[in-house]
Amino acid sequence: MTDFTWSFSSLKDYINCPRKYHEVKVLKRFEVKVTQAMTYGTEVHKACEDYVGRGVPLARNYQHFQPILDSLLEIEGTRYPEYEMGLLRDGSPCAFDDPNRYVRGIVDLLIVDGEMAYIVDYKTGSNKYPEPKQLKLMALMTFAHFPEVKRIKAGLLFIVQNSFMDEEYTRDEIDLLWGAFLPTLIQLESSYDNNVWNPKRTPLCGWCPVKTCEFYKERK
């Protein structure tokens, strides 16, 4: 069994294309080009983090986000902006940069109030195809790092669309939450063990940096 670490984003990359995952994440032969949309997302995340977590006023071009961010400030509890967490393979908590970590992630906003916790992930993209699995992983980490927490309300905040997709989890659902990831993790482990990284042809091939792939094509 090969030791490897993962995150929600890296697991998603593997699902999209094992070959790209291997070339970019493992071998590091190619780099993903930072797009304008990625830069915008980073800037909005930082503005939200500073405003909700540290009381830094929003820049003028982000002030239209203030009403929905103010609603987060009304939630009671201790706020942890951009909170880093890791888990060992047995599911026990560890530091984000622990060399023995199995998985790690960063919660955009975590609020803990006794047995209750709130998880918020800021999204600047479309709300057409929400991905709640990210919330499930953050919930697993929160349950591990905060043993007093018994219930979690989690949501994807599509801040540009001013919409919110929420879910709720309880501590007795931990095994069920892990079940959302196990099939893909088994496939990923098999790829590492057997060194098999098959390419996958998708509409995203035009944006892929792996020029050695047989499905690579220059974007017009």
Side-chain angles (χ1 to χ4, degrees), residues 7-12 34-87 93-98 101 103-171 173-174 177 180:
S7 65
F8 176 77
S9 61
S10 68
L11 195 64
K12 190 173 180 179
V34 177
T35 65
Q36 186 175 0
M38 292 165 66
T39 299
Y40 175 72
T42 299
E43 292 174 350
V44 171
H45 272 73
K46 185 66 167 66
C48 294
E49 172 194 348
D50 288 344
Y51 181 75
V52 176
R54 301 177 179 87
V56 178
L58 293 166
R60 177 178 295 182
N61 55 323
Y62 297 137
Q63 286 180 358
H64 56 291
F65 298 149
Q66 184 169 335
I68 195 167
L69 293 177
D70 282 345
S71 67
L72 300 179
L73 294 174
E74 296 175 0
I75 301 174
E76 294 184 359
T78 303
R79 288 193 290 273
Y80 300 91
E82 293 295 306
Y83 194 69
E84 299 178 340
M85 294 182 283
L87 296 178
C94 69
F96 181 81
D97 57 356
D98 190 311
R101 68 185 182 275
V103 58
R104 68 180 182 181
I106 303 175
V107 180
D108 288 344
L109 177 63
L110 172 64
I111 303 174
V112 178
D113 184 22
E115 296 182 353
M116 187 74 196
Y118 304 84
I119 291 172
V120 178
D121 190 81
Y122 307 123
K123 297 294 183 184
T124 53
S126 170
N127 58 358
K128 191 173 182 180
Y129 301 107
E131 178 51 83
K133 275 190 177 182
Q134 185 173 6
L135 299 177
K136 291 177 169 61
L137 181 57
M138 295 302 103
L140 284 167
M141 292 184 174
T142 300
F143 281 133
H145 281 260
F146 295 85
E148 74 275 16
V149 171
K150 295 182 179 179
R151 189 160 63 99
I152 296 174
K153 289 186 177 181
L156 300 175
L157 175 54
F158 294 91
I159 194 161
V160 177
Q161 281 82 25
N162 194 28
S163 68
F164 195 75
M165 192 226 76
D166 62 305
E167 293 200 340
E168 189 167 333
Y169 315 113
T170 57
R171 182 168 286 277
E173 295 176 316
I174 287 178
L177 293 174

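The chain is numbered in sequence order, starting from 1. This one's a predicted model, so the numbers in the text were calculated from it and none came from an experiment.
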Atom pair CD1/CD1 of Ile159 and Ile68 - distance to nearest 0.5 Å: 6.5 Å
Minimum-distance pair of heavy atoms, taken over all atoms of Ala117 and Val149: CB-CG1, 3.8 Å
Return the orientation label for the Tyr62 and Tyr40 ring planes: parallel under 30°, perpendicular over 60°, tilted otherwise. tilted
Distance-minimising heavy-atom pair for Asp50 and Lys46: OD2-NZ, 2.7 Å
Looking at side-chain heavy atoms only, is the closest gap between Leu73 and Val52 below 4.5 Å? yes
If you define the side chain from C-beta out and look only at heavy atoms, does anything of Glu131 sit under 4.5 Å from Phe8? yes
Salt bridge (Lys or Arg N to Asp or Glu O under 4.0 Å) contacts in which one or both residues fall within residues 58-84, not counting sequence neighbours: none
Residues Asp108, His45; criterion side chain to side chain contact (heavy atoms under 4.5 Å, CB included); working and verdict: CA-CA 8 Å; Asp108 288 344; His45 272 73; 3.1 Å; yes
Please report the closest heavy-atom contact between Glu49 and Pro81, naming both atoms and the distance. CG-CB, 4.0 Å
Using the side chain to side chain donor-acceptor pair (under 3.5 Å) rule, collect all pairs that involve residues 151-165, keeping only residues at least two apart or in two chains. Asn127-Ser163, Arg151-Glu168
Quick one: do Phe96 and Ile106 satisfy side chain to side chain contact (heavy atoms under 4.5 Å, CB included)? Show the steps, please. CA-CA 8 Å; Phe96 181 81; Ile106 303 175; 3.7 Å; yes
So how far is it from Ser7 OG to Arg104 CZ, rounded to the nearest 0.5 Å? 7.5 Å
Say you draw a straight line from CG of Leu135 to CG of Leu156; how long is it, rounded to the nearest 0.5 Å? 4.0 Å
On a heavy-atom basis, the closest approach of Val160 and Thr124 is CG2-O, 3.7 Å
Spacing of Met141 atom CE and Leu177 atom CG [to the nearest 0.5 Å]: 12.5 Å
Are Glu167 and Tyr169 close enough that a side-chain donor and a side-chain acceptor fall under 3.5 Å? yes
Donor-acceptor pair, distance only, cut-off 3.5 Å: does the side chain of Asp166 make one with the backbone of Ala154? no
Would you check if Pro93 and Met85 make a side-chain contact, meaning some heavy-atom pair closer than 4.5 Å? no
For Phe158, check ring pair (Phe, Tyr, Trp, His ring centres under 6.0 Å) against everything at least two apart and list the hits. none
Check: Lys133 side chain, Ala180 main-chain N or O, donor-acceptor pair, under 3.5 Å: yes
Just wondering, do Gln134 and Leu137 contact through their side chains at under 4.5 Å, heavy atoms? no
A side-chain contact here means heavy atoms from C-beta on lying under 4.5 Å apart; do Ile119 and Leu109 qualify? no
For Glu148 and Gly114, the nearest pair of non-hydrogen atoms, with its separation, is CG-O, 3.4 Å
Could you tell me whether Tyr80 and Phe146 have their ring centroids closer than 6.0 angstrom? yes
Going through the distances and angles, do Leu140 and Ile174 end up as a side chain to side chain contact (heavy atoms under 4.5 Å, CB included)? CA-CA 7 Å; Leu140 284 167; Ile174 287 178; 3.8 Å; yes
Val56 versus Tyr51: any side-chain heavy-atom pair under 4.5 Å? no
Side chain to side chain, Ile152 and Arg171, heavy atoms closer than 4.5 Å: no
Taking the side chain as every heavy atom from C-beta outward, state whether Val44 and Cys48 have any atom pair closer than 4.5 Å. yes
Hey, could you give me the CE/CG distance between Met165 and Leu157, rounded to the nearest 0.5 Å? 11.5 Å
